[in-house]
Amino acid sequence: MSREVANPKPGADFIRQIVAEDTESGRYGGRVVTRFPPEPNGFMHIGHAKSVCLNFGVAKEFGGVCHLRYDDTNPEGENEAFVVGFQEDIRWLGFDWGEHLYFASDYFERMYDCAVILIEKGLAYVDSESEEEIREGRGTVTKAGTPGRYRDRTVDENLDFFRRMQEGEFEGGTHVLRAKIDLESANMLMRDPVLYRIRHARHYRQGDEWCIYPMYDYAHCLEDAFEDVTHSICTLEFENNRELYDWVLDNVGFEEPRTHQYEFARLDLEYAVLSKRRIIPLVEAGIVSGWDDPRLSTVRGIRRRGVPPEALRLFCKMIGVAKAQSVVDIGKLEYAIREVLNQAAPRVMAVLDPIKIVLTNYPDGQTEEFEAPYFPHDVPREGTRMVPFSNELFIERTDFEEDPPPGFRRLVPGGEVRLRHAYVIRCEKVVRDKAGQLVELHCTHDSESRGGKGTAGRKVKGTIQWVSAAHALTAEIRMYDHLFLEIPESDSDEDEEIVSRINPDSLRILEGAKVEPSISDDSPDTRYQFERTGYFWKDPVDGVGEELVFNRIVSLKDSWSRSAAKSDVKVPKGKSGSEKVMNNPRRPEKPAVNESREAARAADPQLMARFERYSDDLGLTLEQADLLTTSPEVSDFFEKALAVYDEPAEVAGWLTTDVRGLLGARRLKDLTFDGEGLGQLVALVAADRLSRRAGKDVLARMIDEGGDPHQLIVEMGLEKVSDRSALESVIEEILAAWPEKVIEYQAGKSGLIGMFVGEVMKSTNGAADPKVARELLLKKLGG
RNA sequence: UGGCCCGUGGUCUAAUGGCAGGACACCGGUCUUUGGAACCGGCGGUGGUGGUUCGAAUCCACCCGGGCCAACCA
């Protein structure tokens, strides 16, 4: 059916464009119903999150609803814990299904009834062959399948068998219900797909009520149809399944407007493991602590890591939705997390790897407090806390360097550094033990520099964080990194192989970290920025009691270490720019004709004769002759057009490019006009009644809605405007309306000529002669 | 190898025959009591070859490359 682009929404993803078109055309009476259909046999991961954001997001944006429906049609592996898990994770992500919670297993009765309808129509049969026999009978991608010995059972026989299957009379594996479609279909899924199989297994919701269970392709479309879903959005690997989706609904008797399936590219993320098949071995081997390990890309893991749901939603928005299979840079996720946390996280000071500082000129036993703001000047949020200060402090080991590299802006022997919110200190002495190990640093503070004052005329290299030794809290800090050393290849699905790629440093535990005491008063789910190091929060499992345990959510962007260690820049895998493969640059004798079309011609002498006549007598190119003799249908169409307007090259041009393009999935025989109509149109263009461009608009209309070219020209107002003075005044207006573009054009941006011609075409509704318009524009613009 | 889908800077994505744009990354600068943030600037792209058109990322053909399909999984 034709899909008129009512009002394309530039910028929106293709799914939203389709929904927008359907909403505007009233196809579903303005209803929008989507659904998120997980199978409850695992936990939600970030790939599901993309789908959740899409389905719930689309519903929300178009005033519709999104159902949460469990696709629990296979009793094996499914359970209640996973059902609860998905609900928790979806809610956490910030979406709500309202009262629309459904279970495919609740529809088993109705699905059974639909199967009976198919059997009664002779469109499904009970096959009693073995699994292997069925597999063999299906053929291969290059070899057609062959009918099995049960394919022609009578309707009554099938009904009887199917009923007895349902009643539990047979062992698992002895019989299946199959659709009777086409064993020779190029689409393997259409070769009599299995609809029901026998499984004497306990279903987590239905118990032993059923011993036959529907297959995905049969069940899923019915679930959508039962729920009046309008847009059934799934991932690309289901593209081949769409034909079967439509077949089932059409044959069971669902009429338009009914649900339709649309496919988008699933999320793939660098360093992430996104399939159950690959996560389970990691969990079972104890490589990760469970489904909620913060290194995992499960929503539970991401959540435990401390990532806020807003960040995940922002990430999904950033990556978009399209059909091109792609791998997203992990840096985008990190950006989204920092973006959200920068605005939300209070800043506090913590020292991950402490080294002691003794202030030799600060009175022993004295304490003072600094009032320090939680947020920097550029984050519009209020709040301060008190930070205690004394003569013994900790600073970060990496903030002191005896032998500093050029550009080092922290503490060095004899040098000064500012303590954040406090004093400027100078390193006077490096104290070592007998083994030469650094023990502590003796420093002096400048009491004039309190809180940032008294620094005029003095250049202080840098500012570092610190905590007072006597007041500091000791914490364990878990530093997470990528679980894998390299981006896992999609084909590395062997368990051992995955294990061997694990990054041994994916979890680094820092035991003796020191944190400022103010945090003890905060809500346990506070996400902090530990200044200069990263974003952290208390581990919700191990960090909620007396023990302080922090997870690093994400580091801060670090332009220092990046520039200091330029050597380990990430080299993208695969081909780099310079070694981009040249795609067969020289192929002098390209095949002019297509092999399969040539074979078709060989079987049809009339087509073969026409092919030769087209290329030899009519002077068409081999390519044109080839395309025009694809089938008698095309060739006859061409002949009819020639009968009206005998200019083979011109007619062939229209038919092999424009008509083919506009036709899309439709066939010539579906059109309401034949070759004669095309011939008339081409003749009109040749007679200068309308421009070629306008002719194409007319053709599009003829193909979509039918109609006579003569009438359409008048109706659409496309009578050609090539009267120069009329065009000139249009051009004057356009140039006056785009003064900046005129200047840009005259400054050398010659590509703008297309935009000017386009504007002329637009304002004349496509009737202007673009050739003349261009010529006049060139003259006016001084080209 | 049969069918279906997909190729836009390093990465993700827009442009629906008419100005190839945005985001991330990267590089440089300004600012800064976080080597953070913010702000300014820069680098860099339509897989290839033909064709249709006044005009092609977009339509047509062929080629190259990638993905999916031969479960009684979803």
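In what follows, every heavy atom counts, from backbone to side chain, and hydrogens, waters and symmetry copies are set aside. Residue numbering restarts at 1 for every chain, and letters A, B, ... go by the order of the sequence lines. Being a predicted model, the structure only gives us computed values, none of them experimental.
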Legend entry - NZ/NE/NH1/NH2 to OD/OE distance under 4.0 Å, K323(A) and E239(A): yes

Legend entry - P gap between G41(B) and C5(B), integer Å: 43 Å

Inset, instruction - Kindly say if R16(A) contacts the phosphate of A14(B), meaning a side-chain N or O under 4.0 Å from OP1 or OP2. - result: no

Legend entry - Euclidean distance for C1', C60(B) against C24(B) (whole angstrom): 36 Å

Inset, instruction - Using a cut-off of strictly less than 4.0 Å, decide whether R532(A) has a side-chain nitrogen or oxygen near OP1 or OP2 of G35(B). - result: yes

Legend entry - Sugar-phosphate only, base, or nothing, as touched by K143(A) at under 4.0 Å among non-hydrogen atoms: nothing

Inset, instruction - Tell whether R693(A) reaches the base of G18(B) with its side chain through a donor-acceptor pair below 3.5 angstrom. - result: yes

Legend entry - G7(B) and A61(B), which share atom name P, separated by this distance in whole Å: 16 Å

Legend entry - Spacing between D217(A) atom CG and A70(B) atom P, to the nearest angstrom: 10 Å

Inset, instruction - Tell whether N187(A) reaches the base of C69(B) with its side chain through a donor-acceptor pair below 3.5 angstrom. - result: no

Inset, instruction - Ignoring backbone atoms, test whether R138(A) places a side-chain nitrogen or oxygen under 4.0 Å from the OP1 or OP2 oxygen of C72(B). - result: yes

Inset, instruction - Ignoring backbone atoms, test whether N41(A) places a side-chain nitrogen or oxygen under 4.0 Å from the OP1 or OP2 oxygen of A74(B). - result: no

Legend entry - First of D658(A) and K323(A) reached from the 5' end of RNA chain B, by closest nucleotide: K323(A)

Inset, instruction - Give a yes/no answer on whether the side chain of R597(A) brings an N or O atom under 4.0 Å of OP1 or OP2 in A61(B). - result: no

Inset, instruction - Determine: side-chain N/O of K771(A) to OP1/OP2 of C54(B), distance under 4.0 Å, yes or no. - result: yes

Legend entry - Ring centroid separation Y374(A) to Y528(A) under 6.0 Å: no

Inset, instruction - Mark yes or no: R199(A) above the aromatic ring of W210(A), with NZ or CZ under 6.0 Å from the six-membered ring centre and no more than 45 degrees from the axis. - result: no

Legend entry - G36(B) OP1/OP2 closer than 4.0 Å to side-chain N/O of S559(A): yes

Legend entry - Anti or syn - A20(B), cut at 90° from 0: anti

Inset, instruction - Find the partner of C62(B): check Watson-Crick (N1-N3 plus N6-O4 or O6-N4) and G-U wobble (N1-O2, O6-N3) distances, both under 3.5 Å, and reply none if neither fits. - result: G48(B)

Inset, instruction - Write down the distance separating the C1' atoms in U46(B) and U34(B), rounded off to the nearest Å. - result: 42 Å

Legend entry - Phosphate contact (A61(B) OP1 or OP2) by R660(A) side-chain N/O below 4.0 Å: yes

Inset, instruction - Would you please classify the geometry between the F408(A) ring and the W560(A) ring as parallel, tilted or perpendicular, with 30° and 60° separating the classes? - result: perpendicular

Legend entry - Any Y335(A) side-chain nitrogen or oxygen under 4.0 Å from OP1 or OP2 of C24(B): yes

Inset, instruction - Measure distances between side-chain N and O atoms of K696(A) and base N and O atoms of U53(B), and say whether any donor-acceptor pair falls under 3.5 Å. - result: no

Inset, instruction - Using only heavy-atom distances, decide whether a donor-acceptor pair under 3.5 angstrom links the side-chain of Q529(A) to the base of U34(B). - result: yes

Inset, instruction - For R410(A), answer base if it contacts any base atom (sugar-phosphate contacts may also be present), sugar-phosphate if it contacts only those atoms, and nothing otherwise; contact means non-hydrogen atoms under 4.0 Å. - result: base

Legend entry - P-based separation of C54(B) from C69(B) [nearest Å]: 45 Å

Inset, instruction - Rounded to whole angstrom, note down the C1' distance from G9(B) over to A25(B). - result: 11 Å

Inset, instruction - Name the nucleic acid region contacted by V379(A), choosing base, sugar-phosphate or nothing; use a 4.0 angstrom heavy-atom cut-off, strictly under. - result: nothing

Inset, instruction - Report the residue (T140(A) or R409(A)) whose heavy-atom-nearest nucleotide on RNA chain B is the more 5′ of the two. - result: R409(A)

Legend entry - Side-chain donor-acceptor pair present, S130(A), E133(A), cut-off under 3.5 Å: yes

Inset, instruction - Nearest whole angstrom, please: distance from the P of G35(B) to the CD1 of I464(A). - result: 10 Å

Inset, instruction - May I ask you to verify if any side-chain N or O of K557(A) is less than 4.0 angstrom from the OP1 or OP2 atom of A37(B)? - result: yes

Inset, instruction - Return yes if the base of U34(B) and the side-chain atoms of R347(A) contain a donor-acceptor N/O pair under 3.5 Å, otherwise no. - result: yes

Legend entry - Ring center gap for Y218(A) and Y196(A) short of 6.0 angstrom: yes

Inset, instruction - Determine the interatomic distance between C1' on U1(B) and the same-named atom on G18(B); round to the nearest Å. - result: 42 Å

Inset, instruction - Find out whether N241(A) and Y245(A) are in side-chain contact, i.e. whether some heavy atom of one side chain is under 4.5 Å from a heavy atom of the other. - result: no

Inset, instruction - Output yes when at least one side-chain N/O atom of R199(A) is less than 4.0 Å from OP1 or OP2 of C73(B), else no. - result: yes

Legend entry - Phosphate contact (U53(B) OP1 or OP2) by T657(A) side-chain N/O below 4.0 Å: no

Inset, instruction - Under 4.0 Å between any heavy atoms, over every strand shown, what does E531(A) touch: base, sugar-phosphate, or nothing? Just pick one. - result: base

Legend entry - Side-chain donor-acceptor contact under 3.5 Å, T235(A) with E237(A): yes

Inset, instruction - Considering just the side-chain nitrogens and oxygens of T656(A), establish if one lies under 4.0 Å of OP1 or OP2 belonging to G51(B). - result: no

Inset, instruction - May I ask you to say what M215(A) touches in the nucleic acid, namely base, sugar-phosphate or nothing, with a heavy-atom cut-off under 4.0 Å? - result: sugar-phosphate

Inset, instruction - For C4(B) versus G21(B), give the span between their C1' atoms, rounded off to a whole number of Å. - result: 31 Å

